[in-house]
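Every chain is numbered from 1, with letters handed out A, B, ... down the list of sequences. Bear in mind that the values here come from a model prediction, so they are computed numbers and not experimental data.
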There are 2 protein chains.
Amino acid sequence: MLRNVGLRPTRQRVALAKLLYAHSDRHLTAEMLYMEATNQNLPVSLATIYNTLNQFARMGLLREVGVDGSLTYFDTNTSNHHHFFVEDKNEIRDIPTTDIVIGKMAELPDGYEIARVDLMIRIRRKR
Amino acid sequence: MLRNVGLRPTRQRVALAKLLYAHSDRHLTAEMLYMEATNQNLPVSLATIYNTLNQFARMGLLREVGVDGSLTYFDTNTSNHHHFFVEDKNEIRDIPTTDIVIGKMAELPDGYEIARVDLMIRIRRKR
DNA sequence: ATTTGTGCAAATCGTTTGCATCTGA
DNA sequence: TCAGATGCAAACGATTTGCACAAAT
């Protein structure tokens with residue numbers, strides 16, 4: 001998998017990949033993955049976690065999901081889908097593709113193409 | 001306007017409001033507004049800009065638009081609409097409401113309500 | 001007079017970087 | 001061997017905060 005995208009399968013990258021893809025459809029921040037690795041006595045530096053996540057994302061193994069103007073989550077599900085953001089728990093959750101349909105699509109400015117479509121529905125506990 | 005939402009109309013807030021709403025449908029970062037104010041010999045500290053923008057947003061006078069995991073823009077158009085993000089220019093642009101329709105809406109987890117729907121179409125120059 | 005806002009500088013948070021050291025092919 | 005990866009600590013950029021001072025009501 002790593003070789004396919006041109007990344008050396010180093011100790012750290014292999015270990016992190018295992019963590020990431022152990023369960024499916026995970027949404028992790030760098031910090032979360034760091035703690036997970038550390039808890040399993042897997043010595044990796046936070047810097048390497050950041051590097052690795054960014055590389056994986058660039059190579060299409062992960063999808064980057066920015067929340068607000070501050071946190072970045074990485075989604076192991078790279079297929080085309082959308083997200084709930086649970087405000088009181090700071091948690092990302094997938095929305096099944098079938099549950100949302102964007103009907104009419106906006107027309108783009110001339111000479112531009114779509115790089116990505118991010119739809120996030122922010123939800124909160126009813127009051 | 002400020003009194004209506006319970007904010008004291010201080011020098012700075014009035015001045016910033018004037019800048020913000022001088023033209024319609026603006027998308028500004030704190031830094032951008034700071035420079036604009038400074039250029040017009042309007043002495044305001046950056047901290048006050050941040051405070052003011054956040055208060056305005058909390059009071060519904062502005063809409064917060066987070067880009068990626070880092071930049072925060074403030075949109076003077078608080079009505080329900082969506083955005084293009086022009087990747088090579090780091091620029092936000094409104095999408096007319098009529099141009100997008102979200103057909104089928106996802107069903108929310110029990111006990112939750114929608115806080116906000118953020119749809120951002122990231123576009124880039126065709127290659 | 002009392003409450004609220006402002007400015008400054010320092011603090012915080014998530015993230016990136018420089019560089020010496022290691023490691024995989 | 002040697003390009004590329006790692007770890008550490010320091011650097012970063014955007015944003016927030018503590019606190020003394022100033023301005024609104």
Side-chain angles (χ1 to χ4, degrees), chain A residues 1-20 27-38 41-59 61-75 85 90-92, chain B residues 1-20 27-38 41-59 61-75 85 90-92:
Chain A
M1 181 175 176
L2 292 174
R3 283 206 182 84
N4 281 343
V5 297
L7 291 175
R8 279 194 191 171
T10 63
R11 262 183 235 319
Q12 293 76 339
R13 295 213 268 236
V14 171
L16 292 178
K18 276 186 182 151
L19 283 183
L20 285 166
H27 303 92
L28 299 170
T29 62
E31 201 66 42
M32 287 163 73
L33 184 57
Y34 180 59
M35 297 203 303
E36 210 173 285
T38 302
N41 289 316
L42 222 155
V44 197
S45 78
L46 190 52
T48 297
I49 301 262
Y50 274 104
N51 289 336
T52 302
L53 288 173
N54 286 328
Q55 288 158 351
F56 281 22
R58 193 166 337 111
M59 298 316 187
L61 301 180
L62 288 174
R63 166 162 171 191
E64 222 175 323
V65 182
V67 173
D68 264 331
S70 56
L71 260 185
T72 302
Y73 281 79
F74 291 87
D75 189 344
F85 177 68
N90 252 22
E91 181 195 318
I92 302 250
Chain B
M1 181 175 175
L2 291 173
R3 283 207 181 83
N4 281 343
V5 299
L7 290 176
R8 281 189 189 174
T10 63
R11 260 184 237 318
Q12 292 77 339
R13 293 212 269 237
V14 171
L16 292 178
K18 274 185 183 151
L19 283 185
L20 284 167
H27 302 94
L28 299 170
T29 62
E31 201 67 41
M32 286 163 73
L33 184 55
Y34 179 59
M35 297 202 305
E36 210 171 285
T38 303
N41 288 319
L42 222 155
V44 197
S45 77
L46 189 52
T48 296
I49 301 261
Y50 275 104
N51 290 335
T52 302
L53 287 173
N54 286 329
Q55 288 157 351
F56 281 22
R58 194 169 331 114
M59 297 317 186
L61 301 179
L62 287 174
R63 166 162 172 192
E64 221 176 323
V65 182
V67 173
D68 263 331
S70 56
L71 261 185
T72 302
Y73 281 79
F74 291 87
D75 187 343
F85 177 67
N90 252 20
E91 181 194 317
I92 301 251

| request: Round to a whole Å and report the spacing from OH of B:Y50 to P of D:dG18. | output: 18 Å
| task | Mind calculating the distance between CG (B:L28) and C1' (D:dA14) to the nearest angstrom? | result | 16 Å
| query | Taking only side-chain nitrogens and oxygens of B:R3, does any of them come within less than 4.0 Å of OP1 or OP2 of D:dT25? | reply | yes
| said: If I take atom CG in residue B:L71 and atom C1' in nucleotide D:dC12, what distance separates them, rounded to the nearest angstrom? | reply: 14 Å
| request: Runs of at least three consecutive Watson-Crick or G-U pairs, both distances under 3.5 Å, are what I'm after; which ones involve DNA chain D? | output: C:1-10 with D:16-25, C:12-14 with D:12-14, C:16-25 with D:1-10
| task | Decide yes or no for B:M1 and B:V5: does some side-chain heavy atom of the first lie under 4.5 Å from some side-chain heavy atom of the second? | result | no
| said: Quick test of your reading: applying salt bridge (Lys or Arg N to Asp or Glu O under 4.0 Å), list the pairs with at least one residue in residues 43-55 of chain A, sequence neighbours left out, ordered by first then second residue. | reply: none
| Check: B:F56 and B:R13 side chains under 4.5 Å, non-hydrogen atoms | yes
| said: Using atom P in both nucleotides, what's the gap between D:dC19 and D:dT15 to the nearest angstrom? | reply: 24 Å
| query | Roughly, in whole Å, what's the span from CG in B:N51 to C1' in D:dT17? | reply | 9 Å
| Is the shortest side-chain N/O distance from B:R11 to OP1 or OP2 of D:dA24 below 4.0 Å? | yes
| request: Please state how far atom CG in B:L46 lies from atom P in C:dT6, giving the value in whole angstrom units. | output: 13 Å
| request: Would you mind classifying the nucleic acid contact of B:N54 as base, sugar-phosphate or nothing, using non-hydrogen atoms under 4.0 angstrom? | output: sugar-phosphate
| message | Do A:Q55 and A:L7 have side chains that approach each other closer than 4.5 Å (heavy atoms only, starting at C-beta)? | response | yes
| note | Walking DNA chain D from its 5' end, the first of B:T10 and A:S45 to be reached, judged by nearest nucleotide, is A:S45
| said: Run A:N90 and A:F85 through side chain to side chain contact (heavy atoms under 4.5 Å, CB included) and show every step you take. | reply: CA-CA 7 Å; A:N90 252 22; A:F85 177 68; 3.3 Å; yes
| B:R8 CZ - D:dA23 C1' separation (whole Å) | 8 Å
| Looking at side-chain heavy atoms only, is the closest gap between B:T72 and B:T29 below 4.5 Å? | no
| note | In whole angstroms, the gap separating C1' of D:dA23 from CD of B:Q12 amounts to 9 Å
| request: Find out whether B:L28 and B:Y73 are in side-chain contact, i.e. whether some heavy atom of one side chain is under 4.5 Å from a heavy atom of the other. | output: no
| task | Indicate, with a heavy-atom threshold strictly under 4.0 Å, whether A:T72 touches base, sugar-phosphate, or nothing. | result | sugar-phosphate
| said: Nearest whole Å is fine: how far is D:dA23 P from B:R13 CZ? | reply: 15 Å
